[in-house]
Amino acid sequence: MDWKTRQYCESITIKNSGDAVHLCGWVDTIRDHGQLLFIHIRDRSGVLQLVFDPTVNQDVYDAASRLRSEDVISIVGTVLERSDEAKNPNIVSGDIEIQVNQVDCLNKSETPPFVVSEKADQDGAFNVDEDLRLKYRYLDLRRPQMNINLIQRAKLLQIVRRYLDKQGFIDVETPMLTKSTPEGARDYLVPSRVHEHQFYALPQSPQLFKQLLMMSGLDRYYQVVKCFRDEDLRPNRQPEFTQLDIEAAFIDESYIYSLIEPLIVELYAHVGVTVPTPFPHIPYETAMNEYGSDRPDLRFEMKMVDVSSVLTNVQYRIFNQILASGGKIKGINVKGQAEKLSKSFLQDELAKKVVPQFGGKGVSWMKVIDGKLESNIVQFFSDEEQAALISALNGENGDVFLLIADTNPDLVNEILGKLRLFMAQRQGLIDETAVAPCWVTEFPMYELKDGRLSSVHHPFTQPEEGELPGPDDREQLIKLLSRSYDLVINGEELGGGSIRNHDPKRQEMIFRHLDLSESEIEAKFGFFVNALQYGAPPHGGIALGVDRLVSMILGRESIREVIAFPKNRTAFCPLTQAPGPVSEAQLEDLHLRLKPIPVPST
RNA sequence: GGGGGCGUAGUUCAGUUGGUUUAGAACGCCGGCCUGUCACGCCGGAGGUCGCGAGUUCGAGCCUCGUCGUCCCCGCCA
């Protein structure tokens with residue numbers, strides 16, 4: 001193999017006409033015309049057309065005609081400009097071809113289980129069962145589209161590393177075999193052979209280590225790091241995923257914003273997209289009230305409006321009862337869609353199927369026609385109430401109002417928020433080319449879970465400034481805000497972080513808020529609390545989901561398109577067949593015995 | 001853990017209310033022809049445990065039950 005002379009397809013252009021070139025790659029497509037044979041050779045950079053003419057070289061032609069899809073070949077030939085009528089403007093290299101003088105088949109290929117060639121990708125036509133793709137992932141990744149995804153991911157991470165290096169950040173690796181943390185997701189556990197009956201946990205994030213690095217005086221840390229969470233999968237969730245983990249000392253929230261925003265801008269610039277700055281800040285409460293979500297999609301308006309006060313005396317009984325029992329009525333204005341939303345859709349589809357799926361009992365609809373409302377329930381609304389509704393929701397002719405009412409105001413936000421997204425998607429009101437980032441801030445410190453207080457972010461987050469409530473003052477605790485922030489782009493949470501507690505007394509109080517006993521704190525975070533006693537600097541940080549960020553920037557539908565070897569929905573790897581059983585001897589080493597799985601009685 | 005969809009050729013799918021002998025299509029694959037294709041074209045061919053098991057029926061790809069696999073929604077994901 002003369003690897004020294006070998007070139008990539010993309011490096012050969014019309015400027016190389018007449019040059020001798022050496023290419024290595026795979027047989028992409030074959031077009032046999034009898035006395036003329038065309039073969040596309042593919043490498044990671046692209047494809048080039050090879051031409052084989054028996055009148056030029058019979059032996060090479062014969063060898064080429066034995067080639068099949070995905071055979072690995074090495075060729076030497078001459079670059080020729082194609083005649084004008086033979087040029088193909090649809091292909092990057094369509095104005096040249098290689099007259100081949102020597103062809104070597106380095107390896108044959110079985111017929112692949114799906115077409116690898118780029119032609120299968122055209123018009124997004126590639127449609128193969130994902131489990132089959134994962135089983136033959138090496139072939140799937142050989143597809144030009146997937147090759148590009150991995151290459152672009154690497155380029156984007158290079159931008160990240162260069163940027164953070166320039167900002168003085170130090171890349172530090174943290175342990176994969178570490179200690180189980182009590183809160184959050186389920187841990188992946190690794191049994192210890194040396195320490196009988198003891199387990200390591202794989203990190204859900206390097207949270208405590210990066211804080212310890214701040215106490216180590218490192219000042220600015222980052223890491224592109226795998227994190228593990230043993231929870232059920234979702235389309236955009238993998239059991240192991242990659243985070244861009246960042247922490248800095250002697251900083252505040254504004255530092256994080258000023259660090260991350262230019263980075264996001266630079267990453268998007270790599271694919272030619274301009275991101276508007278500065279990113280707007282939306283307090284959590286506002287996000288919930290106006291968008292019904294803590295990750296608002298700002299690519300479209302359709303804000304939620306509270307119309308309860310407009311309808312206090314309405315004669316419509318359902319609304320009346322809900323308002324009387326402390327409930328809320330909120331609405332959205334689906335602009336200009338009156339003609340595209342039929343009564344049967346609104347009444348049968350939306351009210352009876354879609355909204356119940358979101359957890360709502362129903363939805364009221366009204367169309368604005370000739371300055372008046374039209375609806376199946378409009379007779380219950382006085383002229384004044386109709387006018388007030390139109391004004392509250394900024395109604396114009398052709399608009400459609402959708403109202404959600406419930407005795408539980410939080411539920412109203414949640415359902416209407418989902419409906420807002422549903423309607424925007426269904427009616428095509430989202431500008432798919434837009435990039436709409438924002439910071440969601442001022443999250444509550446705690447939420448109630450099964451009657452217990454639990455951290456919304458994590459227990460190392462600093463609460464808002466000021467005296468902390470006592471552990472028994474639940475009313476104040478639930479109102480307490482935290483110095484945390486989420487980065488949201490196009491309705492997807494791409495990361496989050498906070499300013500941390502560096503004062504051991506305040507940290508201890510937070511553990512007490514969470515009802516952790518002295519001994520529990522000692523057992524779970526003893527080393528960390530101890531570290532806080534030795535001069536911990538004020539610090540904070542953020543973690544960004546790399547898989548999500550990359551797939552969003554590249555416009556891919558799933559994070560699995562930008563992960564080389566992902567797991568399927570059941571956290572199984574069809575390629576390696578992981579997870580799998582282990583030998584008795586291995587279990588013996590680990591002092592483990594498998595318990596039989598109980599068979600459900602029928 | 002709960003609810004739903006899907007499982008037919010290598011791939012993507014069709015298959016009527018259960019009805020006949022040989023379960024179809026496109027792409028892919030194999031063979032032949034073809035000197036400018038690039039979604040090449042033309043002719044021919046091979047290829048099927050209808051996921052698996054039981055049941056209903058004179059008869060099941062189709063109906064019922066179970067099971068396995070997979071995808072989606074909810075729970076879960078500090």
Side-chain angles (χ1 to χ4, degrees), chain A residues 28-40 47-56 61 68-70 80 82-97 109-123 125-136 139 181-187 204-205 207-208 227-239 241 354 356-359 418 443-447 449-450 452-461 482 484 493 496-498 510 514 543 545 558 560 568-570 572 574 599-600 602:
Chain A
D28 188 84
T29 43
I30 301 168
R31 286 180 299 279
D32 185 353
H33 287 246
Q35 292 307 297
L36 194 64
L37 175 62
F38 299 105
I39 290 181
H40 278 180
V47 296
L48 267 183
Q49 173 163 288
L50 311 177
V51 60
F52 298 89
D53 187 338
T55 64
V56 173
Y61 172 84
R68 291 296 177 266
S69 293
E70 300 312 315
L80 298 179
R82 298 191 200 176
S83 65
D84 281 348
E85 61 277 13
K87 286 182 180 171
N88 184 350
N90 303 317
I91 296 176
V92 182
S93 58
D95 50 2
I96 53 168
E97 62 194 359
S109 172
E110 295 288 323
T111 301
F114 48 81
V115 180
V116 175
S117 168
E118 44 136 30
K119 73 181 180 187
D121 250 336
Q122 280 177 359
D123 308 322
F126 188 78
N127 173 29
V128 173
D129 181 67
E130 194 162 359
D131 243 44
L132 190 71
R133 291 176 56 194
L134 293 181
K135 183 176 175 187
Y136 296 94
L139 290 177
T181 50
E183 278 194 81
R186 216 173 277 120
D187 287 313
Q204 292 182 30
S205 81
Q207 183 60 37
L208 292 180
C227 301
F228 305 85
R229 293 179 190 177
D230 187 5
E231 293 292 345
D232 287 353
L233 271 55
R234 281 294 152 81
N236 251 0
R237 219 190 282 162
Q238 283 278 306
F241 58 98
V354 178
Q357 237 169 18
F358 295 159
K418 287 179 181 171
F443 280 84
M445 184 76 187
Y446 303 116
E447 63 189 336
K449 226 174 215 178
D450 305 324
R452 286 192 55 193
L453 227 48
S454 151
S455 297
V456 168
H457 193 51
H458 57 56
F460 314 105
T461 299
S482 70
S484 61
E493 183 196 329
S498 63
I510 284 158
L514 294 167
S558 158
R560 295 186 303 273
N568 73 10
R569 179 60 179 253
T570 61
F572 179 74
V599 182
T602 39

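Here is how names work: the chains are called A, B, and so on, in the same order as the sequence lines, proteins then strands, and each is numbered from 1. The analysis underlying the following values was restricted to heavy atoms, covering all of them including side chains, and did not include hydrogens, waters or symmetry mates. Because the structure is predicted, anything quoted here is derived from the model rather than measured.
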Participant: Just compare B:G10, B:C77, B:G36 and give me whichever is closest to any side-chain atom of A:Pro113.
Facilitator: B:G10
Participant: For A:Lys87, answer base if it contacts any base atom (sugar-phosphate contacts may also be present), sugar-phosphate if it contacts only those atoms, and nothing otherwise; contact means non-hydrogen atoms under 4.0 Å.
Facilitator: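 Base, at least one base heavy atom under 4.0 Å.
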Participant: Taking atom P in both B:G24 and B:G19, what distance in whole Å separates the two?
Facilitator: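 Looking at atom P only, B:G24 and B:G19 are 15 Å apart.
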Participant: OP1 or OP2 of B:U37 versus the side-chain N and O atoms of A:Arg31: is any pair under 4.0 Å?
Facilitator: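 No, no such contact exists.
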Participant: Could you give the CZ-to-P distance, from A:Phe572 to B:C71, as a whole number of Å?
Facilitator: 11 Å
Participant: Searching all strands shown, indicate the nucleotide that pairs with B:C6 (Watson-Crick or G-U wobble; both distances under 3.5 Å).
Facilitator: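 Check on B:C6: paired to B:G69, both distances under 3.5 Å.
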Participant: Can you find an N or O donor on one side and an acceptor on the other, under 3.5 Å apart, linking the side chain of A:Glu130 with the base of B:U70?
Facilitator: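 Looking at the base of B:U70, it does not pair with any donor or acceptor on the side chain of A:Glu130 (distance under 3.5 Å).
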Participant: Out of B:G28, B:U11, B:C72, which has the shortest distance to the side chain of A:Arg569?
Facilitator: B:C72
Participant: B:G28 P sits how many Å from A:Asp28 CG, rounded?
Facilitator: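 After rounding, the gap between these two atoms is 13 Å.
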Participant: With a cut-off of less than 4.0 Å, is there a side-chain N or O of A:Asn568 near OP1 or OP2 of B:G69?
Facilitator: no
Participant: If you check every side-chain atom of A:Gln35, which of B:U35, B:C77, B:C13 has the closest atom?
Facilitator: B:U35
Participant: Within the structure, does a side-chain N or O atom of A:Lys449 lie under 4.0 Å from either OP1 or OP2 of B:C77?
Facilitator: yes
Participant: The side chain of A:Lys119 lies closest to which of these nucleotides: B:C40, B:U12, B:C38?
Facilitator: B:C40
Participant: Check A:Ser482 against A:Thr461 and note the closest heavy-atom contact, atom names and distance.
Facilitator: CB-CG2, 3.7 Å
Participant: When all nucleic acid strands are considered with a 4.0 Å heavy-atom cut-off, which category describes A:Val51: base, sugar-phosphate, or nothing?
Facilitator: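 No contact.
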Participant: If you pin A:Asp232 and A:Ser205 to their nearest nucleotides in RNA chain B, which one's is more 5'?
Facilitator: A:Asp232
Participant: Side chains of A:Glu130 and A:Asn568, heavy atoms from C-beta outward: is any pair under 4.5 Å?
Facilitator: no
Participant: From C-beta outward on A:Ser69, which listed nucleotide comes closest to its side chain: B:C29, B:C77, B:C40?
Facilitator: B:C29
Participant: Which part of the nucleic acid, if any, lies within reach of A:Phe114 when heavy atoms closer than 4.0 Å are counted: base, sugar-phosphate only, or nothing?
Facilitator: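 Nothing: the residue A:Phe114, judged by heavy atoms under 4.0 Å, touches no strand.
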Participant: In this structure, how many angstroms lie between the P atom of B:U70 and the CZ atom of A:Arg133, rounded?
Facilitator: 16 Å
Participant: What contact category does A:Pro235 fall into here, base, sugar-phosphate, or nothing, at under 4.0 angstrom with non-hydrogen atoms?
Facilitator: sugar-phosphate
Participant: Establish whether the base of B:C76 is bridged to the side chain of A:Arg229 by a donor-acceptor pair shorter than 3.5 Å.
Facilitator: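 Side chain to base: no pair below 3.5 Å.
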Participant: Let's test this: given Watson-Crick or G-U wobble pairing with both distances under 3.5 Å, identify the partner of B:G44.
Facilitator: B:C30
Participant: Remember a base hit wins even if backbone is also touched, and classify A:Glu97 as base, sugar-phosphate or nothing at under 4.0 Å, heavy atoms.
Facilitator: base
Participant: How is A:Asp230 classified with respect to the nucleic acid when contacts are heavy atoms under 4.0 Å: base, sugar-phosphate, or nothing?
Facilitator: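 Nothing: the residue A:Asp230, judged by heavy atoms under 4.0 Å, touches no strand.
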Participant: B:G75, B:U11, B:G36: which one has an atom nearest the side-chain heavy atoms of A:Val128?
Facilitator: B:U11
Participant: Please tell me if the side chains of A:Ser484 and A:Met445 come closer than 4.5 Å, counting only heavy atoms from C-beta onward.
Facilitator: no
Participant: Under 4.0 Å between any heavy atoms, over every strand shown, what does A:Leu37 touch: base, sugar-phosphate, or nothing? Just pick one.
Facilitator: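 It contacts nothing in the nucleic acid.
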Participant: What's the closest nucleotide to the A:Asp131 side chain, out of B:U70, B:G75, B:C38?
Facilitator: B:U70
Participant: Output yes when at least one side-chain N/O atom of A:Arg68 is less than 4.0 Å from OP1 or OP2 of B:G31, else no.
Facilitator: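 For A:Arg68, the contact criterion (side-chain N or O under 4.0 Å from OP1 or OP2 of B:G31) is met.
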Participant: Under a 3.5 Å limit for both distances, which nucleotide forms a Watson-Crick or G-U wobble pair with B:U12, could you say?
Facilitator: B:A25
Participant: When the distance from CG of A:Asn127 to P of B:U12 is rounded to whole Å, what number comes out?
Facilitator: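 Spelled out: CG on A:Asn127 to P on B:U12 is 7 Å.
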Participant: Does the structure show a Watson-Crick or G-U wobble partner for B:G19, both distances under 3.5 Å? Name it, or say none.
Facilitator: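 Pairing partner, where one exists within any strand: B:C58.
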Participant: In this structure, how many angstroms lie between the C1' atom of B:C38 and the NE2 atom of A:His33, rounded?
Facilitator: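 So the NE2-C1' distance, A:His33 to B:C38, works out to 8 Å.
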Participant: Using only side-chain N and O atoms of A:Thr570, determine if any of them is under 4.0 Å from OP1 or OP2 of B:U70.
Facilitator: yes
Participant: Closest to the A:Leu36 side chain: B:G36, B:C34, B:U11?
Facilitator: B:G36
Participant: For a 4.5 angstrom cut-off between non-hydrogen side-chain atoms, does A:Asp129 reach A:Phe114?
Facilitator: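 When only atoms from C-beta onward are counted, A:Phe114 and A:Asp129 do not touch, as no gap falls below 4.5 Å.
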Participant: From C-beta outward on A:Arg234, which listed nucleotide comes closest to its side chain: B:C74, B:G10, B:C77?
Facilitator: B:C74
Participant: Can you confirm whether more than 12 heavy atoms, excluding those of A:Lys135, are under 6.0 Å from its NZ atom?
Facilitator: no
Participant: Expressed as a whole number of Å, how far does the P atom of B:C13 sit from that of B:C71?
Facilitator: 14 Å
Participant: Where do A:Leu37 and A:Tyr61 come nearest, in terms of heavy atoms and distance?
Facilitator: CB-CE1, 3.8 Å
Participant: Quote, to the nearest angstrom, the C1' distance that separates B:C76 from B:U16.
Facilitator: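 Those two atoms are separated by 43 Å.
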Participant: From B:C77, B:U37, B:U11, pick the nucleotide closest to the side chain of A:Gln49?
Facilitator: B:U37
Participant: With rounding to whole Å, what would you report as the distance between B:G61 and B:U17 at their C1' atoms?
Facilitator: 15 Å
